[in-house]
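All values derive from a computational prediction rather than experimental measurement. Residue numbers begin at 1 in each chain, while the letters A, B, ... track the order of the sequences.
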Amino acid sequence: MAAQDSTQSSDAPSSDLEGMMQLRREKAERWKLLGFGAFANDTGPLHSIASITALHEADDAETLEKLKTENVAYRVAGRVMLSRGQGKLKFINLRDGSGEIQLFISKREVPDTIWTLLDEIDVGDIVRADGLVMRTKTGQLSIMVQNLKPLTKALRPIAKHDGVEDVEVRYRQRYRDLIENHDEVATRFRARSLIVQAMRDFYSQRDFMEVETPMLHPLRGGATARPFSTHHNALDVNLYLRIAPELYLKRLVVGGFDRVFEIGRSFRNEGVSVRHNPEFTMLESYQAYATYHDVMDSTEALLRDVDARLLARFAAYGENRAFTFDHFERRTMISLVREVVVEKHASIGSAWALLGGTGDYRDAQRAALADSSLSPAEHSLIKRARTAGELLFSLYELLAEPSLTTRYRTPDGTQSVPVFVMDHPLDTSPLARQMDPERQREIYGEIEVTLCDRFELFIDGRELCNAFSELNDPMDQAQRFRGQLENRKSGDDEAMDYDADYIRALEFGMPPAAGFGIGVDRLVMLLTGAKSIRDVLLFPAMRPEGAV
RNA sequence: GGGUUGUUAGCUCAAUCGGUAGAGCAGCGGACUUUUAAUCCGUUGGCUCCGGGUUCAAGUCCCGGACAACCCA
């Protein structure tokens, strides 16, 4: 080929990264010599690849031959993912946002300029092609190219298979991860988008209104967690990034929006792990004139509905599930603790009337501290309990919660069954409504712990949802806020602030209501089988990169 | 915070007891008109994560650091 003698000007090595990039820059220059821009943008209207394959996947070669004579032409654009030559033929796998199709290029069928141009097209480049649909001898649906226009030169090489595995590169350079590990990664983020859309639809269909409340908060509230701090210069005020939208959403319920929900980011200034990212997405909903039992029902409906929508589009995520949505267990926290204590920690059980023994929570606390099957760290958490409720909660977290997955399974033992854990101690739930004392007496008899109308949902070892009937008594709420301040004084830096405006809102009267929160990232992890939260966040938090 | 493991070509990975840093793919040159990770011939490419040390000799051993994964708290 005569052109090459004059154009192979580079003496850079053709194989290290800098050499490859240099060669690609030179190829971009040659696009210009052939009359094309290296970064053109006038593509005109295009057909999506998926629409073409959907339309013609059933057509046999003969039918397509006929279409060819009728000049049914298509114009597509996308990234060159694979390319192979066969003498005067060239095959290119082209991918756009909708799918992939093969381009069939014959020297006979394209202008000479285009045939020459093909030498300057690399895997990774973005091109536009015009042509007719056809089937190759082997039956592969293809576009027989009549014209080709290069659109964007990729200066960096991509791996055509064996995509990058290093998780650090995958998270930092997500664009590259999406290209090279397309099937796994792009599919999972499409699934995430669908899941969020399905949740939105679920609430919209039930007459919930979607709202957006502030992310910059003057006070810490709505959850117990360490916040990020920032400063507003013009107002000269310190602000926190929200740790939860809860208190603002309930102000809206006061204002008469009986059903609201918000999907959005919250921020917690804590460590990163496979289950934690400093910014994460929650959905919170509030429904006036409902109780936490109503919300349990709608939670089951939500999860089944969202999952059905997901599997209708991405069936593969339904295979080999570690959990089921066919059946949900509802268990009280006290019964869960009793179960475990009776089986494995009899000394604690016999020490506390609540769990079937004789004494009060201090006796149980002493028994737990003497229980040598518990680790020093577990002992220190138990030691910290200052009330019967706090001790119950600690025992639940330490003894009952870890075994939910193994304890509650389908009859054949293959899948874990979701468990609603109900009726938490009041003193660990500063925004929840106290259980009606008569009702508590009916269910539990005379017990040492004051309970509230709350549940958390656990699925396959993960806490997914948190919900309660809302506390709407302003005097009670004010007292709980004061309790939080006491906790702060005694060293709890996750305690909430006293929110006087929220109390004022409650003084105008909030209808009885139930609220609900679900971790969207964790739900996506669960439904798509992701092991790390970083696999469901497009750009997970990373330590800043050194030199690029 | 502690422990374990890892970091070698653009990508995926080798390298025995401390003894010349390799392969496949990608790239580059060539052949090929129905390929599917095409094939065939030829070929280029390395600050072995960074900094010290031991040694005639270090990807390999020692010390320190960066980053990551996993486990524990």
message: Take N1-N3 plus N6-O4 or O6-N4 for Watson-Crick, N1-O2 plus O6-N3 for G-U, both under 3.5 Å. Which runs of 3 or more such pairs involve RNA chain B?
response: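 When the pairs of RNA chain B are grouped into runs of at least three, the stems are B:1-7 with B:66-72, B:10-13 with B:22-25, B:27-31 with B:39-43, B:49-53 with B:61-65.
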N/O to N/O distances under 3.5 Å, protein versus nucleotides 67-71 of chain B:
unit_1  : atom_1 : unit_2    : atom_2 : d
rC67(B) : OP1    : Arg543(A) : NE     : 3.2
rC67(B) : O2'    : Glu168(A) : OE1    : 2.5
rC67(B) : O2'    : Glu168(A) : OE2    : 2.9
rA68(B) : OP2    : Arg543(A) : NH1    : 3.1
rA69(B) : OP1    : Arg534(A) : NH1    : 2.7

query: What pairs of residues pass the salt bridge (charged side-chain N to carboxylate O under 4.0 Å, His left out) test when at least one of them lies in residues 332-345 of chain A, not counting sequence neighbours?
result: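 As it turns out, the salt bridge (charged side-chain N to carboxylate O under 4.0 Å, His left out) pairs with a partner in residues 332-345 of chain A, which skip direct neighbours, are Glu339(A)-Arg407(A), Glu343(A)-Arg407(A).
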Atom [atom1] of [X] and atom [atom2] of [N]: how far apart are they, to the nearest Å?
X         : N       : atom1 : atom2 : result
Ile179(A) : rG10(B) : CD1   : P     : 18 Å
Asp119(A) : rG27(B) : CG    : P     : 12 Å
Leu381(A) : rA73(B) : CG    : P     : 13 Å
Ile158(A) : rU12(B) : CD1   : P     : 13 Å
Leu155(A) : rG27(B) : CG    : C1'   : 15 Å
Trp115(A) : rC32(B) : CH2   : P     : 11 Å
Asp125(A) : rA26(B) : CG    : C1'   : 14 Å
Met81(A)  : rA26(B) : CE    : P     : 14 Å

- request: Using a cut-off of strictly less than 4.0 Å between a heavy atom of the residue and any atom of RNA chain B, enumerate the qualifying residues of residues 85-98 of chain A by number.
  value: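 Contacting residues: Gly85(A), Gln86(A), Gly87(A), Lys88(A), Leu89(A), Phe91(A).
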Contact residues, residues 396-407 of chain A to RNA chain B [heavy atom, < 4.0 Å]: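 Listed by number, there are none.
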From [options], nucleotide with atom closest to [X] side chain:
X         : options                   : value
Val164(A) : rG10(B), rC11(B), rG27(B) : rC11(B)
Gln140(A) : rU35(B), rU34(B), rC11(B) : rU35(B)
Leu23(A)  : rC28(B), rU35(B), rU12(B) : rC28(B)

List the atom pairs, donor and acceptor, that lie under 3.5 Å between side-chain atoms in residues 139-148 of chain A and the rest of the protein, sequence neighbours left out.
unit_1    : atom_1 : unit_2    : atom_2 : d
Ser142(A) : OG     : Gln102(A) : NE2    : 3.0
Ser142(A) : OG     : Gln140(A) : O      : 3.0

If we take the [atom1] atom in both [N] and [M], what is their distance in whole Å?
N       : M       : atom1 : result
rG45(B) : rA21(B) : C1'   : 13 Å
rA58(B) : rC47(B) : C1'   : 15 Å
rU48(B) : rG18(B) : C1'   : 15 Å
rG46(B) : rG10(B) : P     : 9 Å
rG22(B) : rG59(B) : C1'   : 12 Å
rC32(B) : rC13(B) : C1'   : 31 Å
rC49(B) : rA14(B) : P     : 14 Å
rG6(B)  : rG65(B) : C1'   : 16 Å

- prompt: Start at the 5' end of RNA chain B and walk down; is the nucleotide closest to Asp122(A) or to Lys107(A) reached first?
  reply: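 It is Asp122(A) whose nearest nucleotide is closer to the 5' end.
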- request: Find which nucleotide of RNA chain B each of Ser83(A) and Met20(A) is nearest to by heavy atoms, and output the residue with the more 5' nucleotide.
  value: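 That would be Met20(A).
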So, [X] versus [Y]: side-chain donor-acceptor pair below 3.5 Å or not?
X         : Y         : value
Arg128(A) : Thr43(A)  : no
Arg176(A) : Asn181(A) : no
Gln22(A)  : Glu26(A)  : yes
Thr387(A) : Asp427(A) : yes
Ser335(A) : Thr332(A) : yes
Asp60(A)  : Thr63(A)  : yes

Taking OP1 and OP2 of [N], is either one under 4.0 Å from a side-chain nitrogen or oxygen of [X]?
X         : N       : answer
Arg176(A) : rC11(B) : yes
Lys160(A) : rG24(B) : no
Arg84(A)  : rA38(B) : yes

- request: Pick base, sugar-phosphate or nothing for Glu180(A), based on heavy-atom distances below 4.0 Å to the nucleic acid.
  value: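 If one applies the 4.0 Å heavy-atom cut-off, Glu180(A) turns out to touch nothing in the nucleic acid.
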query: Contact class for Lys531(A) vs. all strands (heavy atom < 4.0 Å): base, sugar-phosphate, or nothing?
result: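 Nothing: the residue Lys531(A), judged by heavy atoms under 4.0 Å, touches no strand.
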- prompt: Nearest heavy-atom pair of His424(A) and Ser429(A): which atoms, and what distance?
  reply: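 Taking every non-hydrogen atom into account, CB-OG, 3.9 Å.
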Any salt bridge between [X] and [Y], counting N to O under 4.0 Å?
X         : Y         : result
Arg331(A) : Glu329(A) : yes
Arg321(A) : Asp307(A) : yes
Arg488(A) : Glu486(A) : no

message: Could you work out, with side-chain hydrogen bond (donor to acceptor under 3.5 Å, both in side chains) as the rule, every residue matching Ser48(A), not counting sequence neighbours?
response: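 Scan of Ser48(A) (side-chain hydrogen bond (donor to acceptor under 3.5 Å, both in side chains), adjacent residues dropped) gives Ser51(A).
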- prompt: Considering residues at least two apart in sequence or located in another chain, which fulfil the ring-ring contact (aromatic ring centres under 6.0 Å, His included) criterion with Tyr240(A)?
  reply: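 Testing Tyr240(A) for ring-ring contact (aromatic ring centres under 6.0 Å, His included), a comparison that skips the adjacent residues, returns none.
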By ring-ring contact (aromatic ring centres under 6.0 Å, His included) - contacts of Phe420(A) (at least two apart):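 Phe420(A) satisfies ring-ring contact (aromatic ring centres under 6.0 Å, His included) with Phe328(A), Phe455(A) once adjacent residues are dropped.
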field: For Ser350(A), side-chain contact (heavy atoms from CB on, under 4.5 Å) partners two or more places apart
entry: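 Per chain and number, Ser350(A) pairs via side-chain contact (heavy atoms from CB on, under 4.5 Å) with no residue.
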message: As a test of understanding, state which of Lys153(A), Arg30(A), Arg25(A) forms a salt bridge (Lys or Arg N to Asp or Glu O under 4.0 Å) with Glu120(A).
response: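 So the option named by the test is Arg30(A).
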- request: State the syn/anti category of rC25(B) according to its glycosidic angle, syn meaning within 90° of 0.
  value: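 You should classify rC25(B) as anti.
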- request: Please work out whether the ring planes of Tyr74(A) and His56(A) are parallel, tilted or perpendicular, with thresholds of 30° and 60°.
  value: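 Answer is perpendicular, since the angle exceeds 60°.
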query: Taking only residues two or more places apart in sequence, or in another chain, which ones meet Arg188(A) in a salt bridge (Lys or Arg N to Asp or Glu O under 4.0 Å)?
result: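 So Arg188(A) forms a salt bridge (Lys or Arg N to Asp or Glu O under 4.0 Å) with Glu184(A).
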For nucleotides 45-47 of chain B, print each protein N/O atom paired with a nucleotide N/O atom at under 3.5 Å, atom names and distance only.
unit_1  : atom_1 : unit_2   : atom_2 : d
rG45(B) : O2'    : Asp16(A) : N      : 3.2
rG45(B) : N3     : Ser15(A) : OG     : 3.1

